Asks: 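Take this structure first; my questions come after.
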Amino acid sequence: MNTLKKFELMEKIVRELEDLQNSQQALIQKIGKIEVDNIELGDTRLEKDAGDMHQRLADNLDTIVSILDYFANNTENFGNKNNVDALKEQEAINNATS
């Protein structure tokens, strides 16, 4: 895999991790709403299970954020180290003259 293709794949993974982070945040908000509604209802099983789910979702979000930060930094460093902007310009020139 050439350098530019590798960088583009890395950028794609960063976008997918960002999407995963947003999805996880939405799930946490939804389970939080269920927990708030259940305060009034008082269902004990729902209280226990929703609380457990909320904790697991929060733990998953922490992991996703950590991976995203790590991988986004690696992607940026890879791009800088390999002068990806110049590679993109050269590819555009090559495509225009082909």
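It should be emphasised that the depicted structure is a prediction, and the values quoted were computed from it without experimental measurement.
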Asks: Which heavy atom in Phe71 sits nearest to a heavy atom in Val14, and how many Å separate them?
Replies: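 Shortest heavy-atom separation between Phe71 and Val14 comes out as CD2-CG2, 3.7 Å.
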
Asks: Salt bridge check: are Lys12 and Glu8 linked by an N-O gap of less than 4.0 Å?
Replies: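 Result for this pair is no, no salt bridge flagged.
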
Asks: Give the cluster check for Ile13 versus Met1: same hydrophobic cluster or not, with ILVMFWY residues linked at side-chain heavy-atom distances below 4.5 Å.
Replies: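 Same cluster: Ile13 reaches Met1 through Ile, Leu, Val, Met, Phe, Trp or Tyr contacts under 4.5 Å.
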
Asks: Name all residues meeting the side chain to side chain donor-acceptor pair (under 3.5 Å) criterion together with Glu35; count only those two or more places apart in sequence or in a different chain, and write none if there are none.
Replies: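 Partners of Glu35 under the side chain to side chain donor-acceptor pair (under 3.5 Å) test: His54.
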
Asks: Output the distance between atom CG (Asn95) and atom OG1 (Thr97), rounded to the nearest 0.5 Å.
Replies: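 Asn95 atom CG to Thr97 atom OG1 measures 8.0 Å (nearest 0.5 Å).
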
Asks: Which residues end up grouped with Val65 if you chain together Ile, Leu, Val, Met, Phe, Trp and Tyr wherever their side-chain heavy atoms are less than 4.5 Å apart?
Replies: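 Leu27, Ile28, Ile31, Ile34, Leu46, Met53, Leu57, Leu61, all in the cluster of Val65.
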
Asks: So how far is it from Lys81 NZ to Thr3 OG1, rounded to the nearest 0.5 Å?
Replies: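 Reported value, rounded in 0.5 Å steps: 10.0 Å.
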
Asks: Could you measure the distance from the CD atom of Gln55 to the CG atom of Asp52? Nearest 0.5 Å is fine.
Replies: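 Rounded to the nearest 0.5 Å, the CD-CG separation comes out at 8.5 Å.
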
Asks: Look up atom CD in Glu16 and atom CG in Leu68, then write down how far apart they are to the nearest 0.5 Å.
Replies: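 These two atoms lie 12.0 Å from each other.
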
Asks: Go through the structure and list residues passing side chain to side chain donor-acceptor pair (under 3.5 Å) with Asp19, not counting sequence neighbours.
Replies: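 Expected list: none.
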
Asks: Can you sort out the partners of Glu91 under side chain to side chain donor-acceptor pair (under 3.5 Å), two or more places apart, ordered by chain and number?
Replies: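 Not a single residue meets the side chain to side chain donor-acceptor pair (under 3.5 Å) criterion with Glu91.
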
Asks: Quick check on side-chain contact (heavy atoms from CB on, under 4.5 Å): which of Gln25, Gln21, Glu18 does Ile64 satisfy it with?
Replies: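 For Ile64, the side-chain contact (heavy atoms from CB on, under 4.5 Å) test succeeds with only one of Gln25, Gln21, Glu18, which is Gln21.
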
Asks: Could you tell me whether the side chain of Asn2 and the main chain of Leu4 form a donor-acceptor pair under 3.5 Å?
Replies: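 Such a contact is found between Asn2 side chain and Leu4 backbone.
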
Asks: Quick one: list whatever passes side chain to side chain contact (heavy atoms under 4.5 Å, CB included) with Tyr70, sequence neighbours left out.
Replies: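 Partners of Tyr70 under the side chain to side chain contact (heavy atoms under 4.5 Å, CB included) test: Asn74.
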
Asks: Nearest 0.5 Å please: distance from the CE atom of Met10 over to the CZ atom of Arg15.
Replies: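 One gets 12.5 Å once the value is rounded to the nearest 0.5 Å.
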
Asks: Just wondering, do Phe7 and Leu87 contact through their side chains at under 4.5 Å, heavy atoms?
Replies: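 No, too far: nothing below the 4.5 Å cut-off.
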
Asks: Once side chain to side chain donor-acceptor pair (under 3.5 Å) is applied, do any residues pair with Asn94, and if so which ones, sequence neighbours excluded?
Replies: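 Asn94 satisfies side chain to side chain donor-acceptor pair (under 3.5 Å) with Gln90 once adjacent residues are dropped.
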
